Amino acid sequence: MKFRPNVKWFLGPAIMLALAVTVFVVMMVLLLKGMSHTDARVARDGQPHPIALEGTEPRMVWEPLVESSADCTITDLESAEELTMATPLAGYTRTFGSVEMRGAWTFTPHSTAVSITCKADGGGDVEIGKAPRFASFFGGMFAGIVGTFLLGGIGALWLVVLLILFFSRPKKVA
């Protein structure tokens with residue numbers, strides 16, 4: 001005669017469900033961190049502002065959504081070359097606190113040292129951060145969701161099987 005599983009057997013599905021929650025939380029934190037990363041905040045005052053970047057990945061210039069558009073130029077400090085700024089292929093907005101910002105331009109730095117000069121009526125600031133990349137953003141989101149459902153599904157199925165065995169089999173008498 002087979003007896004009901006030991007209570008210790010329930011640790012397996014509990015660990016799987018905890019891992020599913022952990023994968024989801026880590027995915028959200030990494031995605032939000034990537035979108036909120038800012039290399040520098042620069043005043044739109046018409047003065048050049050040298051900034052140090054973390055790497056030479058494509059960058060996005062974010063400007064306040066409600067204010068007038070800035071006129072900006074970005075110069076690579078190592079080559080003294082003015083960098084080409086392009087309009088993003090998609091519309092990006094982000095909100096931090098009460099400030100809603102839009103992705104105004106993208107550029108690819110040649111080095112980690114650039115100078116940005118922006119001028120706009122009313123002043124304000126622009127922010128420079130890593131440009132969102134469609135493939136990495138949605139790839140990360142897809143992997144996180146699939147991982148969450150895979151771990152959670154296995155854990156839930158395992159738990160259901162254990163509950164059926166636990167309640168359908170007799171208790172082991174010592």
Side-chain angles (χ1 to χ4, degrees), residues 16-153 155-156:
M16 294 295 279
L17 293 171
L19 281 174
V21 171
T22 303
V23 165
F24 182 76
V25 169
V26 167
M27 173 203 60
M28 292 303 294
V29 167
L30 291 176
L31 290 176
L32 291 175
K33 181 182 174 192
M35 284 292 290
S36 65
H37 174 80
T38 300
D39 290 311
R41 173 173 268 192
V42 175
R44 301 186 312 172
D45 58 4
Q47 300 298 314
H49 298 276
I51 59 172
L53 304 174
E54 297 175 9
T56 57
E57 298 88 14
R59 294 296 197 274
M60 182 166 288
V61 178
W62 298 86
E63 69 175 356
L65 190 61
V66 295
E67 297 177 15
S68 62
S69 185
D71 180 26
C72 296
T73 58
I74 301 173
T75 307
D76 185 88
L77 291 177
E78 287 187 15
S79 66
E81 178 185 343
E82 187 173 316
L83 300 175
T84 304
M85 296 189 339
T87 303
L89 298 175
Y92 296 98
T93 59
R94 65 182 190 182
T95 304
F96 293 106
S98 62
V99 179
E100 189 172 6
M101 305 196 80
R102 72 175 183 90
W105 306 281
T106 60
F107 67 95
T108 303
H110 301 301
S111 70
T112 58
V114 298
S115 175
I116 182 166
T117 305
C118 290
K119 177 106 174 111
D121 296 334
D125 295 330
V126 295
E127 293 181 359
I128 294 84
K130 290 183 181 175
R133 292 187 302 203
F134 182 83
S136 64
F137 179 79
F138 286 105
M141 190 180 331
F142 180 76
I145 290 171
V146 167
T148 298
F149 279 111
L150 190 63
L151 290 170

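These figures come from a predicted structure and were not determined experimentally.
D125 CG to R44 CZ: the interatomic distance, rounded to the nearest 0.5 Å, is 8.0 Å. Here the straight-line distance linking atom CZ of R41 with atom CD1 of I51 works out to 13.0 Å at 0.5 Å rounding. For the atom pair M85 CE and E82 CD, the distance stands at 8.0 Å (nearest 0.5 Å). Rounding to the nearest 0.5 Å places CE of M27 at 7.0 Å from CE of M141. To the nearest 0.5 angstrom, R94 atom CZ is 6.5 Å from M101 atom CE. Distance CE/M16 to CG/L151: 5.0 Å, rounded to 0.5 Å.
Among V42, T106, I74, the single residue meeting the side chain to side chain contact (heavy atoms under 4.5 Å, CB included) criterion with V61 is I74.
Between W105 and C72, the closest side-chain pair of non-hydrogen atoms falls below 4.5 Å.
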Problem - side chain to side chain contact (heavy atoms under 4.5 Å, CB included) between I128 and L53, worked out - result: CA-CA 9 Å; I128 294 84; L53 304 174; 4.3 Å; yes

Exercise for the section: List the steps and the verdict of side chain to side chain contact (heavy atoms under 4.5 Å, CB included) for V114 and T75. Expected result: CA-CA 6 Å; V114 298; T75 307; over 6 Å; no

Practice task
Check step by step if side chain to side chain contact (heavy atoms under 4.5 Å, CB included) holds for T93 and E100.
Solution key: CA-CA 7 Å; T93 59; E100 189 172 6; 4.2 Å; yes

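When every heavy atom of G103 is checked against every heavy atom of P88, the shortest pair comes out as O-CG, 3.4 Å. When all heavy atoms of A70 and C118 are compared, the pair lying nearest together is CB-CB, 4.4 Å. Residues G55 and P109 share a closest heavy-atom pair of O-CG, 4.4 Å. The shortest non-hydrogen separation linking P50 to L77 is CB-CD1, 3.9 Å.
Looking at residues two or more places apart in sequence or on another chain, you find a side chain to side chain donor-acceptor pair (under 3.5 Å) between S111 and D76. V26 is linked by a side-chain contact (heavy atoms from CB on, under 4.5 Å) to T22, L30, counting only residues two or more places apart in sequence or in another chain. Residues passing the side chain to side chain donor-acceptor pair (under 3.5 Å) test with T112: none are found, sequence neighbours excluded. Under the salt bridge (charged side-chain N to carboxylate O under 4.0 Å, His left out) criterion, D39 pairs with R59, sequence neighbours left out. With sequence neighbours left out, D71 forms a side chain to side chain donor-acceptor pair (under 3.5 Å) with no residue at all. V25 meets the side-chain contact (heavy atoms from CB on, under 4.5 Å) test with V21, V29; sequence neighbours excluded.
A donor and an acceptor atom, one from each side chain of E63 and S69, are located under 3.5 Å apart.
Annotation: cation-pi geometry not satisfied between R102 and W62 (NZ/CZ under 6.0 angstrom from ring centroid, within 45° of ring axis).
H110 places no side-chain N or O within donor-acceptor distance of the main-chain N or O of T108, the cut-off being under 3.5 Å.
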